[in-house]
Amino acid sequence: MNRKYNVLFISPEVVPFAKTGGLADVAGALPKALAKKGHNVKVIMPKYRVVDESKFGLRNKLSGLSVETADRRIGYDIKHTVDEKSSVEYLFVDCPQFFDRDSLYIDPSAGTDWADNDERFIMFSKAAIETAKLLGFKPDIVHCNDWQSALVIAYLKTIYAYDEFFIDTKTLFSIHNLAYQGNFPAEHFKKLGLGYEYFYPASPFEFWGKVSFMKAGIYFADAINTVSKTYAEEIQSSPEYGYGMEGLLRERSKDLYGIVNGIDYDVWNPEVDELIPHKYSIGNLEGKKLNKKALLEKAGLTVTKKDIPLIGIISRLADQKGFDLIAQISKDLLSLNLKIVLLGTGEKKYHDMFTALKKKHPRKLSVNLTFDNALAHLIEAGSDMFLMPSRYEPCGLNQLYSLKYGTIPIVRKTGGLADTIIDYNESDGYGTGFVFKNYDAYELLDMIKKALAVYRKKKEWSKLQENAMSMDFSWDRSAEHYVELYAKTVNSKSEKLQEA
Ligand code: ADP
C-alpha cells in the first residue's frame, strides 16, 4: 500500500486567503489535491490584514506564544480553519505587529519592500516550526515555498537538527521564482539567531556579501524543485536565469526536480465558472462569443458587427513578463486589426506606458491597472488570444487557464511556457498555441501576425481551440509527481545531518 504522509505545507500566500501571484494558486490547490490522495496536510501562512476572519470562520487554536528574533521576543497566536471538503487544516500565524498591514510584502507608501521583511519572515519561520511541535504534528515532509519560508529548512537543519521531534522529518524547498531571493544586509544576520559559523564568504547564508534566505533554503533542503522541467534546467544554465544561484543549483543538481503546476478546474473552467456571465464547453462555444461581447462592454471597448480579434493580457507589470518587448513594437502592434484588454499592476514605468498608449488608442486598448479576480476570469473567457511573451517564466498559470477557456496563448519558449504550449503547425493542425523562440520584439510581432492570420480561417481556429481545451493540466497529475518526490525524499539518507 502506498504510504500516506504528514505534510506541513508552509507558504507566504495561499488562495483564497491572500494572493499576490501564482504561488498562492499553487498553495491553494496542491494541499487539497494531496489530501484527496489520503495524505494528512496542514498549511501554515501569516495572518495578514487581508485574510478575512469572519468569511473563512477563523478560530483561535493556540494563544500567548512567542519566538525570539533580533534579540527580542515577539508574541503571536495561532488561528485556524478547516476546509471541510478536503479536510486540509489552515493555520495562521497571527502577529499583528508584523502582518496586520495593508500589503503583503511592499510598503505602499514607500513603494519598496517593508523594511523589516527579514524579521517578519524569521518570526514566521520560527513560529511555523514551534506550531508543529505544539500541535504534536510530526511532519514526514516539511514543504516550504520561496524565500519567505526557506528559513524553516535552515532552522530544521541547524537549531533543530537534533530535536527528537523532527528526527524523521525531511524537507522540500519549492522555488516558484528565483528572482525573488530575500537578500538582506550582512549586519542583519544576527537577527536570525544563528552562529557566525554559518555566515562567512561562500557559507550557506552568504550571497555576494548579503544574507540570503533563498540560498540557505537551496543549501539545506533535502530536495529542491521548481515548477517546470525547463525552468529547472534554465536556472542552472546561466546567470540570466539563475540570478547568481546557478553555481549552487548545479552543485545540488541531483536533488533538483521540475514539476509543472496544475490548475484548479473547480475554479478555472468555463463549464462551472461562476464569475463569467455565460458558461460554455468544448462542444459549444456560443457562450464564449457572448462573453467576448460582455468583456468588450465591461472594458469600455466598442462592440462592432465585424469580428475583430481580441487579445487578453493579465500580468504583473514587470520586466520579467516581456513588457519591454511590447514597448518596442507598440506602434506596429496597435496598427494591426485587433483589440487588446490589459489587466495588471506593477512597475510605474509600465503603468505610464499603458496609460499613454490608451490615450492614443482608446478604441483599441483597454487598460485596467488594478488587481481584479473577476475581471481576470472574464478576460480568460472573452478573449480570443492570450499574450505572455515572458523573458523567463517558472511555470505560468494564465497560459494554462487560457487553454481551458479556448483562448489561444501566444507565448515565448521559456520555462513552463515551453513545457505546456505546443506551437501550432498549420500543415497538420497539431498544436495548442503560438510559440516564439528568441526574446526579440519582432519575433513576437511576427507570431502575433501569424495568430491573427489563423484566426481568420474559422475552421482552423476552431480546431486549435478544440486542441487547447482538451489539454489536461489538472492538479491530480502534478500532485502525483509531488507524492513521488516526497517518497524519494523521505527514503533518502540525510547527508547533511550525518556529516554534522
Ligand atoms: P506570477 O506568479 O509570476 O505573477 P503566474 O502566471 O504564475 O505569474 O500567476 C499569476 C496569477 O495571478 C494568475 O492566477 C493571474 O490570473 C493572477 N493575476 C496577476 N495579475 C492579476 C491582476 N491584476 N488581477 C487579477 N489577477 C491577477
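All of these numbers come straight from a predicted model, not from anything done at the bench. As the structure lists them, so they are numbered: ligands from 1, and atoms in each ligand from 1. Because only heavy atoms are used, hydrogens play no part in the values below, and waters and symmetry mates are left out as well, while side chains stay in. All residue numbers refer to positions in the sequence shown, counting from 1.
- Looking at N398, I314, T370, T345 and measuring to atom 23 (N) of ligand 1, the nearest heavy atom belongs to T370.
- With ligand atoms numbered from 1 in the order given, ligand 1 contributes 2 (O) to contacts under 4.0 Å with heavy atoms of G21.
- Here the protein heavy atom with the shortest distance to atom 12 (O) of ligand 1 is K19 CE, 3.5 Å.
- Note: F213 and F184 have tilted aromatic rings, judged against thresholds of 30 and 60 degrees for the angle between ring planes.
- Ring centers of Y257 and H481: at least 6.0 Å apart, outside the cut-off.
- Between N177 and ligand 1, no pair of N/O atoms sits closer than 3.5 Å.
- Taking all atoms of both residues into account, the shortest heavy-atom contact from Q148 to S125 is O-OG, 3.7 Å.
- Interface of G344 with ligand 1, defined as ligand atoms under 4.0 Å from a residue heavy atom, comprises 23 (N).
- Between F220 and F205, the two ring planes are tilted [angle within 30° to 60°].
- Between F121 and Y105, the ring planes are tilted. Angles from 30° to 60° get that label.
- Comparing V15, D25, L400, L369 against atom 11 (C) of ligand 1, the shortest heavy-atom distance belongs to D25.
- Taking the six-membered ring where tryptophan is involved, the planes of F17 and F56 are perpendicular, since the angle between them exceeds 60° and thus also 30°.
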### Task
Go through L178 and L249 one step at a time and tell me if the side-chain contact (heavy atoms from CB on, under 4.5 Å) criterion holds.
CA-CA 11 Å; L178 195 66; L249 287 162; 3.7 Å; yes

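- Neither the backbone nor the side chain of H176 has a heavy atom within less than 4.0 Å of ligand 1.
- Numbered from 1 in the order shown, with element, the atoms of ligand 1 that lie under 4.0 Å from a heavy atom of L397 read 5 (P), 6 (O), 7 (O), 9 (O).
- Remark: K42 fails to qualify as a cation-pi partner of Y90 under the 6.0 Å distance and 45° angle criteria applied to the six-membered ring.
- Of the protein's non-hydrogen atoms, F371 CZ, 3.5 Å is the one closest to atom 26 (N) of ligand 1.
- A perpendicular orientation is assigned to the rings of F99 and Y48, their planes being inclined by more than 60° (bins at 30° and 60°).
- With atom 10 (C) of ligand 1 as the reference point, the heavy atom nearest to it among C395, P394, G22 is part of G22.
- The distance from ligand 1 to the heavy atoms of R316 drops below 4.0 Å at these ligand atoms: 1 (P), 3 (O), 4 (O).
- Considering backbone and side-chain N/O atoms, D372 comes within less than 3.5 Å of an N/O atom of ligand 1.
- Residue K321 has at least one nitrogen or oxygen atom sitting less than 3.5 Å from a nitrogen or oxygen atom of ligand 1, judged on distance alone.
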